[in-house]
Structure formats: C-alpha cells, structure tokens
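Read through the structure below, which is laid out as structure tokens, and then see the notes.
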Amino acid sequence: MIHLAWLVPALPLLGMILNIFVGRRLGRKGVGLLASAAVGSAFLVSLGLFISLGGLPHGVHQAEQTLFTWIAAGSFHVTVSLLIDPLSVLMSLVVSGVGFLIHVYSIGYMEHDKDYRRFFVYLNLFVAAMLILVLANNFLLLYVGWELVGLCSYLLIGFWYEKKSAADAGKKAFLTTRIGDVGFALGILLIFVTFGTLDYSAVFSQAPKLLQVGGTTATMITLLLFVGAIGKSAQIPLYVWLPDAMEGPTPVSALIHAATMVTAGVFMVTRTHVLFELAPFSQSVVAIIGTLTAFYAATIALTQMDIKRVLAYSTISQLGYMFLAVGVAAYSAGIFHLMTHAFFKALLFMGAGSVMHALDGETDMRRMGGLIRKMPLTGWTFVVAWLAISGVPPFSGFFSKDEILAAAYHAGHPILWLIGLITAGLTSFYIGRQVFLTFFGRSRVAPDLEPHVHESPSVMTWPLLALALLAAVAGFVGLPSANGSLIQSFLSPVVGGEGGGSFDLLLALLSTGVGLTGIFVAWLMYSAGVVSPTRMAARVRPLYNLLWNKYYVDELYGFLFIRPFRRTAAFLAEIFDPWVIDGAVNAVALVTDGASRVIRVWESGYVRNYALSLLAGAVIMLAYFVLR
Amino acid sequence: MITIPPVHLAVVAPLLVVGVTALVVMLCDLVLPANERTWLAYLSLFGLIGAMLIGTQLWGRQTSTFSGMFLLDNFGLALTFIFLTVAVITVLLSVAYTSDRGLVRGEFYALILFAVMGMMIMATAGDLIVVFLGIELLSLPLYVLSGFARPARDSIEAALKYFLLGAFASGFLLYGIVLIFGATGSTNLLQIASVLTKGAHNSVMLYAGIALLLVGLGFKVSVVPFHQWTPDVYEGAPTAVTAFMVAGTKAAGFAVLLRILLVAVLPVRDVWLPAIAILAVVTMTVGNVTAIAQQNIKRMLAYSSIAHAGYILVAVAAGGAAGTSSAIFYLLIYAFMNLGAFAVVIAASRGGEERLAIRDYAGLARQRPVLAAIMAIFMLSLAGFPPTAGFVGKLTIFQAAVQNGLTWLAVIAVLNSVVSVFYYARVIVFMYMREPEGEPWPAVAGDGRRMLALALGICVAGVLLLGILPTPAYQAAQTALLNIL
C-alpha cells in the first residue's frame with residue numbers, strides 16, 4: 001500500500017488535468033463530480049496509508065518513496081520523494097478528507113457560477129499542492145508545495161476577478177505571504193549551506209551534531225522558517241491578508257482556513273521541530289507570537305458584523321493557539337488542535353456560506369436573525385461547531401484546546417496560559433454572539449428576501465452533517481489515558497513523547513468554566529437582552545472603535561509601507577524606467593540593429609562572394625595556425 | 001600472403017540496416033503505384049526504428065572493425081540515436097509536406113536514408129578517410145534534396161549554391177586530411193593521437209592540416225565565417241529538408257569535430273583551443289545579431305542555428321568529459337527544438353502556401369491556439385528559458401566551460417543568449433499580441449496530418465521532458481564518452 005503514496009497528490013492533479021482537457025465535454029455535473037471523486041479517492045488512499053502504517057515492522061514508523069531524481073548537479077542532489085509517517089499521513093487525511101467535503105459542498109454552492117470548471121480546476125490544484133507540501137521528504141519539495149499553495153490562494157481569492165475588491169484581496173494575500181516566503185526561502189538556503197543537503201532525514205539526523213543548542217545558526221534557521229510560517233499561517237504581523245481572503249467564494253475560505261494553506265505553517269514547525277528544539281529562543285518567539293495573535297485576533301472578532309470576517313479573525317486566533325502549542329513543544333497538541341479546528345472551522349465557514357446562499361449573498365449579521373427556523377440543519381450544525389470551538393465538553397475543541405493550555409501551563413509559561421485562557425472566553429463569546437445574531441432572536445432579514453429563505457440543497461447539507469459529527473466526536477482521540485492519548489501515541493514516533501499532555505482536572509474545569517461564561521455573556525447580551533450591546537459599546541467607545549477598526553493596522557501598514565512603496569514605484573515607473581532603463585535598452589537595440597544591418601550587406605547572395613569570404617576565412621585560419 | 005583482418009559486422013549493424021532499407025525503398029518506389037507512396041515512409045520508419053533497436057543492443061560495447069576504420073563506442077551510438085531520431089521525425093513531417101506541395105517522389109525517403117547513413121559513418125569513423133566518405137555520402141543526397149522542390153527557382157538556387165560551396169569546402173577538408181597524413185604518417189584517429197603524444201610529427205604541416213580541416217568542418221556546421229551559404233540554402237530548400245539539415249547535419253558535423261579534436265589532435269589542444277574559442281565567440285555573435293534583422297522565419301531559424309553552433313563550439317572548447325557530454329546532450333535538445341519549430345512552420349501552412357514571413361504569424365494564437373502554444377514552447381526553449389530543455393542544455397554547456405577554466409567564454413555565451421531572446425520572443429509577440437492580417441488561414445486536412453501531429457508531439461515531449469527531467473538523458477550522455485585509446 002505504501003508504494004501507492006504517490007497517488008495521494010497525483011489523483012487531485014489528475015482530476016485537474018482531466019477537467020482542463022475534457023471538462024468541457026463532461027458538463028457541469030461531471031466537472032464537480034470528477035473533482036470531488038479525485039479528492040475523495042486521494043482520501044481513500046490516505047486511509048490505506050494510515051492502515052498500512054500499522055503494518056510496518058515493529059519499531060519502524062515511516063517509509064519513503066522516491067519517485068524520480070529531480071535535480072542532480074554535483075553535490076546538489078534533490079529527488080522527488082515522499083515521506084510517509086504518522087504526521088504526513090494524518091495531515092493528508094485531514095487535507096483530503098475535509099477537502100473532499102468542501103468539494104462536494106461546492107457542487108451545490110457554485111451551481112450558478114459561470115466559471116464552474118475553472119473553480120474546480122483551481123480547487124483540485126490547491127488540494128494537490130497542499131498534499132505535496134505535507135508529503136514532501138525534503139525542503140525543496142516542501143517549498144514547491146508551499147509556493148503552489150500560495151499561487152492557488154491567489155487564484156481562488158481573486159476568483160471573481162471582475163470585482164475589484166476580490167482582485168485586490170488576491171493580490172494582498174499573494175504579496176503578504178510572499179514577504180514570509182522570502183524568509184522561508186532564506187531559511188532553506190541557510191539549511192543547505194549548513195548541512196549540504198535538503199533531505200529531512202539527513203538534516204534532522206545531523207542537526208544535533210552540526211548545530212549548537214541556542215547557537216546563532218540554529219536560531220537564524222528557525223526564525224527564518226518561522227517568518228515563512230507567519231506569512232502562510234497569518235500571524236502577527238502578516239495576518240492582514242486572511243480577513244480579506246473571504247472575498248473568494250465561501251468554499252475557498254473554508255479550504256484556506258480549515259484544510260489547507262494556513263495550517264502549513266503549524267505543520268512546517270512541527271515537521272522541523274528537531275531544529276526548533278535546538279533554538280530555545282525561537283521556540284519562545286513562536287509561543288509568544290502565537291499567544292499574542294490568539295488574543296489580539298479574538299478581540300477584533302468581538303465587534304465585527306460581517307459573518308465571514310468574524311470567522312476569519314477567529315481562524316487567526318485559533319492558529320495562534322496552535323503556535324502556542326508547538327512553541328512550548330507540545331507538537332501533538334498543536335496538530336490535534338489543527339485537526340479539530342479543521343473540522344469545526346470548515347463547518348462554521350460552510351454554515352456561513354449556506355446562510356449567504358439563502359440570503360442572496362448577504363454577509364451583514366445585522367440583517368439576519370432567527371434563521372434556525374428556516375434552515376434547521378445549517379443552524380444546528382453551526383451550533384455544534386460553536387460548542388466545539390468554545391471548548392464545551394465533550395465536543396472536540398474541549399480536548400484539543402485544553403491540551404494546549406495545560407501544556408503551556410506545565411511548560412512553565414503561566415502568563416501565556418492565562419492569556420490563552422482569557423482568549424478562550426473571548427472565543428466562546430464572539431462565536432456565541434454570531435450564533436445568536438444569525439440564527440436566533442427575531443428576523444431582521446430584508447423583507448424582499450424573507451420569503452425566499454430556504455435550507456440549502458442536500459449536496460450542501462450532507463457535508464455539514466459529516467463535519468458536525470467529526471467536530472462533535474473527534475476529540476475522543478485526545479481522550480487522556482495512562483499512556484497518553486491516542487493521537488499522542490500515534491504521533492510520538494515523529495515528535496517524540498512529550499510532557500505537557502497530561503490531563504489536569506483543575507485546569508480543564510477552569511477552561512470549561514471560562515468557555516461557558518463566554519457563552520453565558522453572549523446569551524445575556526444578544527439573546528436575553530439583559531445587557532444592551534449598544535450601551536456597552538457606548539460606554540467603552542474608544543476601545544470599541546479601536547476594535548471595530550481592527551486596531552487601524554491596515555491603515556498603519558498603508559502609511560508605513562504601501563504609500564512609500566507607491567511613491568517609489570511611481571518614481572521608477574514615470575521617471576527612472578522610461579529614461580534610464582528604456583533608454584539603455586533602446587540604445588542597445590539600436591546598436592544591435594545597426595550592426596545587424598551592416599552584417600546583412602555581407603550576405604549578398606552571390607556564390608562568388610561567399611566563396612571569397614570562405615577563402616579569406618581559410619587564409620586567416622591558416623595564418624593563425626602556421627604563424628602562431 | 002595477404003591476411004584479411006577480422007570483420008565484426010555487429011559494429012556496423014545499424015548502418016547496414018539503414019543502408020539496406022534505403023535500397024529497398026528505392027526498389028519499392030519502382031513497383032508502388034503513385035498514390036501508395038506513403039508506404040515508402042512507413043518502410044523508412046520501420047528501418048530507422050529497427051536500426052535504433054539494434055543500436056540499443058550494442059550500448060556499452062567497445063570495439064572496432066575493418067582495421068580500425070569503424071569504431072564502436074557509446075559516443076558513436078549516442079550520436080547514431082540522435083541521427084535516427086532526427087530521421088524518424090523528418091520522415092513523419094515529410095509525408096504532409098511533400099503531399100501538400102506535390103513533391104511526392106519516391107527517391108525522397110531513399111535520399112534521406114542515405115544521408116542518415118552518411119551521418120552514422122561520420123560518427124563511427126575511426127579514420128579520416130572514412131570521415132570524408134561519410135561527409136560525401138551525407139552531402140550528395142543533401143544537394144539533391146535541397147533542389148527537390150524543382151522547378152521552384154529558390155530551391156534550385158539553394159541546391160546549386162550548396163553544391164558549389166560544398167565542393168569548395170570539401171577541397172579544403174581533403175587537403176587538410178592530406179596534410180595531417182603528411183605530418184603524422186597516418187589517417188587513423190587513434191594512431192594520429194599516439195604519434196602526436198610521442199611528438200614525432202611535423203608541426204607546421206600538422207597545424208596547417210588542422211586549420212584546413214576546421215575550415216571544411218566549419219562549413220558543414222555553419223561556423224562563421226564559413227556560414228554564408230546557410231541562410232540562402234535553408235530558405236530555399238524544401239522546409240522538411242531544411243529541418244533535416246538543421247538538426248542532422250549539424251549533429252554529424254559536430255560528431256566528427258569532437259572526435260578529431262578531442263581524440264586525434266587532443267595532444268596539441270593548446271594550439272587549437274584559442275582558435276575554437278574565437279570561432280565560438282564570432283559564430284554566436286554574428287548568428288544572434290544577424291538573426292535580429294531577419295523577416296523570414298526560415299532565415300531567422302538559419303541564423304539561430306548558426307548561433308547555436310557557436311554554443312556547441314563552447315562545449316567543444318571546454319572539452320573533457322563535461323564538454324563532450326554537454327555537447328551530445330545539447331545536440332539532442334537542439335534537434336528537438338529545431339525540428340519542432342520547422343514542423344510548426346509546415347503545420348501552419350495552407351496547402352502549398354507557407355507562412356514564411358514572421359509577420360504571417362500574427363494572430364496565430366487566435367486561429368490555431370494549440371499550434372501557437374507549441375511554437376511558443378520551442379521559441380522559449382531556443383531562447384533558453386526554464387523549464388524547457390533549451391535551458392538545461394545551455395546550463396550544462398556553460399557549466400562545462402566554467403569547470404574547464406573558460407569562464408570568459410561562458411559569460412559571452414550568456415550575453416549572447418540574452419540577445420537571442422529578442423528575436424525568439426518576437427515570434428511569440430506576433431502570435432499572441434498582434435491582430436492577424438488578411439484572410440484567416442484555416443487548418444487543412446491533407447495527407448499525413450496525423451504523422452505531422454505525431455512529429456510535433458515527439459518534439460514537444462522531448463523539449464519538455466528533457467527540461468523537467470533532464471537527469472536520465474544527461475546521465476546517458478555522460479556515459480557516451482569518447483574512446484580514447
């Protein structure tokens with residue numbers, strides 16, 4: 001089975017290629033089915049890999065599959081090879097599984113879009129790129145997947161490119177993540193310079209010998225890699241692209257936020273944890289940036305009125321949790337939360353998409369309300385996701401978030417733990433607020449839309465149900481037991497048995513309490529009407545404005561970076577380029593052109609002239625050889 | 001008592017297969033009715049592929065026969081594979097071309113096969129006399145093929161020019177061989193090398209011989225200043241023949257050049273190296289600069305082929321294992337790119353009417369999007385853009401040059417390939433960014449369209465595969481080293 005691993009990324013690629021070349025003949029239905037089947041079968045193969053991992057000989061936990069030698073230039077040797085180990089298999093299961101559900105959902109969601117085929121082509125490529133990223137066995141292939149994911153995000157966020165805001169958002173995502181990618185590329189180059197190879201196994205086995213613990217090289221490498229993670233996984237200060245990314249079709253948001261792209265950074269840090277453990281400073285940076293991002297993004301989410309924007313900030317915040325986990329070396333907790341988050345965040349986005357589908361694209365929660373009566377499936381599955389993200393036992397988020405907080409506490413970071421705990425309260429509050437504003441209370445839907453509000457077709461609700469089930473029960477793989485939880489022992493061959501995973505009843509009760517408090521406050525403000533949100537907002541007006549305007553960070557970046565850049569670009573475009581560059585190029589072209597005309601005169605067409613010049617050449621040659 | 005030296009026919013087996021096929025094709029031409037001539041193409045393909053299969057069986061063996069007249073080594077075999085590939089593609093694209101232009105005459109394929117035989121003799125020759133025989137066996141069919149479009153005026157003109165100048169150049173070549181024989185007392189390549197190593201030779205006579213040899217061979221591979229026939233002949237000859245000449249003759253000429261310079265006269269490398277380096281610079285520069293001013297696509301590709309001869313001379317100058325293998329590798333890539341570009345010229349034609357001016361390609365992307373995309377791939381590859389094969393090929397040559405201490409030459413070559421982007425990109429600009437002029441040119445369904453499509457497919461696959469996955473082919477080229485004593 002292991003030797004079939006190449007099929008995992010190949011199947012979505014095949015789906016893409018087929019859709020490009022014969023998609024037009026398949027018709028709309030065929031296109032969507034083909035794309036979904038491609039990802040679905042990739043999931044089945046991943047499942048096969050998962051099973052066959054258990055069949056490996058005792059003590060062996062990974063296998064490599066070399067597909068072909070890609071580059072062999074002297075000492076630089078790179079193969080296209082896949083690494084099949086618990087981490088990569090778990091990631092491919094999540095990516096292809098959630099990806100498959102999103103594909104199915106898109107069949108319904110994109111039904112009326114004119115560019116149906118293009119959408120599924122991009123979607124397949126996106127999933128394939130992410131699978132290449134997680135299955136790579138060397139840094140170069142990882143980078144290929146990393147960049148392909150970036151490209152796909154650009155294509156999909158800007159999918160409705162006729163809309164200026166969508167095209168801008170696509171550009172913003174691409175440019176912002178590129179800043180991180182530069183750091184990432186530098187990190188990979190530094191790895192090559194240090195180790196002379198880019199293969200994971202060689203790098204990780206040599207790392208303890210070649211790098212000093214806390215040495216400059218180790219710290220530089222890991223910080224540069226983390227810069228890449230900051231960009232891709234939308235952490236402070238490069239998170240600004242993610243909220244705008246919702247300009248893309250909602251299934252794309254679900255894919256970016258849940259299954260692909262943003263999880264790449266967390267995965268990469270886990271994959272290279274051997275290096276991070278040699279750089280305690282970088283680990284602290286990861287943990288601190290993660291925690292700050294978690295808190296910061298949660299505060300912004302408190303006030304937003306756009307149903308997708310709340311979720312976008314929520315994703316940033318939850319990714320912060322994951323970085324907190326990997327920063328305190330609780331890798332399995334980070335990956336565990338990555339997985340549960342994939343389920344409930346995909347569910348939240350797809351639920352939001354279902355609402356927008358019913359309300360003709362409306363995203364303002366002030367014009368919603370009471371929708372659960374008309375769309376019960378969407379509503380109740382959304383509630384499940386809410387309970388999961390709020391960490392209410394026994395839903396999945398409880399186990400994963402609690403594990404992270406406990407790990408932070410036990411790793412000796414009480415302040416980070418406290419901030420994480422407060423963030424948990426904020427999380428359950430803002431999602432609760434969203435649930436109450438959208439699905440409960442009286443309807444504020446525009447009167448002309450009201451009669452048309454309907455539950456989405458079953459092709460969209462079935463994925464919701466499947467995800468709701470996963471969001472509800474997936475936590476049980478993290479159920480604490482004597483030998484660590486299931487997921488911990490599954491991942492231990494990759495990340496080692498770490499501390500911090502131990503279950504602490506007191507901490508669990510505390511975080512559950514905080515989560516429930518958040519829900520209660522949301523209920524008080526937005527459902528029971530005991531506290532008026534507007535009066536609350538008025539009382540803390542400056543703070544509210546700061547949050548509502550997202551700390552003015554977009555404006556700040558505009559002032560600090562974009563405006564000076566624009567000025568420089570304008571100078572280059574209007575003065576430097578036409579006069580200096582074009583001038584030089586035109587001069588060269590003019591000279592070459594002139595020379596070319598002169599030489600052409602030589603080309604007379606007369607045989608006698610040709611023979612003469614041949615003879616002259618021969619004389620020169622003879623003269624050189626004889627007289628030298 | 002005369003002893004007859006042992007003969008290993010296996011050494012020349014691919015050669016014999018091609019020769020016999022040529023004779024059979026000629027005979028069949030007599031009995032086949034005029035409208036069944038496509039069978040001659042199938043027959044030729046059969047023979048060529050058969051020769052290729054026999055060649056694979058010989059891979060890795062090293063021996064010689066006919067008293068050292070013919071050598072069997074991976075170098076010769078690698079070149080043989082290139083020639084046979086070129087011939088297969090030429091035959092595939094000739095069916096459509098000859099039927100479009102009413103040139104269906106049986107001797108066409110026989111002449112191609114004889115020319116291929118000449119190339120194969122050149123690549124496997126172990127003696128200067130056999131080299132000369134191979135060159136003549138290649139040249140005579142080419143003279144006829146250049147004039148194959150008779151009574152078209154430019155075709156006849158091309159044939160006559162090629163013949164007159166070719167005969168002139170052959171004189172230099174032969175005189176060079178004579179002088180080398182005089183200086184060393186042998187025409188056998190390996191023996192010449194051993195005489196030179198011992199130092200038992202007449203230097204002035206030897207150097208004069210090398211100079212004249214370089215003139216003769218330089219003519220065959222279009223090295224400046226012996227190149228002037230190239231654009232006129234390439235323009236006038238039937239396009240299928242031009243494609244064959246561009247890809248095949250150049251590979252054969254370089255096979256001989258490599259074998260003579262890097263085996264026979266290797267001991268006096270210090271003497272010829274500056275000359276080769278200067279010729280490389282002049283050839284690249286004149287080829288590229290002149291190509292810029294061309295308005296006719298066949299002339300443009302002719303000058304481009306001159307420029308590429310300059311790049312391959314860089315590999316020859318680099319010498320050694322890296323130079324040899326990069327030259328072989330480049331010749332293969334070069335064959336795919338050029339055959340492909342000429343195949344597009346043939347495929348883009350309308351009946352007998354060809355798009356000859358670069359202007360005629362305006363708007364091709366609108367009318368024939370697939371064909372335009374394919375042409376764009378070939379142009380990018382010729383210009384040396386990744387991920388096409390042209391990039392990898394240039395990279396290996398430049399690497400070889402730098403490794404062997406010729407960094408300045410590599411720098412000039414890189415600058416030259418920058419210049420070349422101008423005229424290759426112009427074709428793409430015309431195809432994609434200009435409105436078509438005049439009536440649209442519909443695709444014509446004639447004889448051999450499928451075979452033409454197959455030829456195009458092989459070339460595209462070659463260019464992309466060697467660009468993305470160069471390692472297997474390059475490793476094969478690295479084992480195709482010259483048999484040096």
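None of these values were measured; they are calculated from a predicted model. By convention in this document, chain letters (A, B, ...) are assigned in the order of the sequence lines, proteins followed by strands, and residues within each chain are numbered from 1.
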Quick one: pull up [atom1] in [X] and [atom2] in [Y] and give me the separation to the nearest 0.5 Å.
X	Y	atom1	atom2	answer
B/K298	B/D154	NZ	CG	7.5 Å
A/F625	B/L213	CZ	CG	9.5 Å
B/L266	B/I260	CG	CD1	13.0 Å
A/R118	A/L156	CZ	CG	9.0 Å

Atom of [X], atom of [Y] and distance for their closest heavy-atom approach:
X	Y	result
B/V221	B/A309	O-CB, 3.4 Å
A/D113	A/D115	OD1-N, 2.9 Å
A/L142	A/L133	CD1-O, 3.5 Å

task = With a 4.5 angstrom heavy-atom cut-off, could you sort out which part of B/L279 is near chain A: side chain, backbone, both or neither?
result =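 Contact with chain A: side chain only.
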task = Under 4.5 Å heavy-atom distance to chain A, tell me which part of B/F219 shows up: side chain, backbone, both or neither.
result =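 Interface part for B/F219: side chain.
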request  = Please step through side-chain contact (heavy atoms from CB on, under 4.5 Å) for the pair B/V204 and B/N202, ending with a clear verdict.
outcome  = CA-CA 6 Å; B/V204 173; B/N202 179 330; 4.1 Å; yes
inquiry  = Checking the side chain of A/R117 only, and the main-chain atoms of A/I20 only, is there a donor and an acceptor separated by less than 3.5 Å?
reply    =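 The answer is yes, because a donor-acceptor pair under 3.5 Å joins these two groups.
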query = Using 30° and 60° as the class limits, which term best fits the ring planes of A/F139 and A/Y200: parallel, tilted or perpendicular?
reply = perpendicular
message = Does anything in residues 609-623 of chain A reach chain B? List residues with heavy atoms under 4.5 Å apart, or say none.
response =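 When heavy atoms of chain B are the reference, residues 609-623 of chain A contributes A/N609, A/Y610, A/A611, A/S613, A/L614, A/L615, A/G617, A/A618, A/M621, A/L622 within the under-4.5 Å range.
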remark   = Looking only at B/A211, B/S203, B/A169, most heavy-atom pairs under 4.5 Å shared with chain A are made by B/A211
message = Using a 4.5 Å heavy-atom cutoff, which residues in residues 223-233 of chain B come close to chain A?
response = B/V224, B/P225, B/F226, B/H227, B/Q228, B/W229, B/P231, B/D232
key: Output field: ring centroids A/F126/A/Y122 closer than 6.0 Å   =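 No, too far apart.
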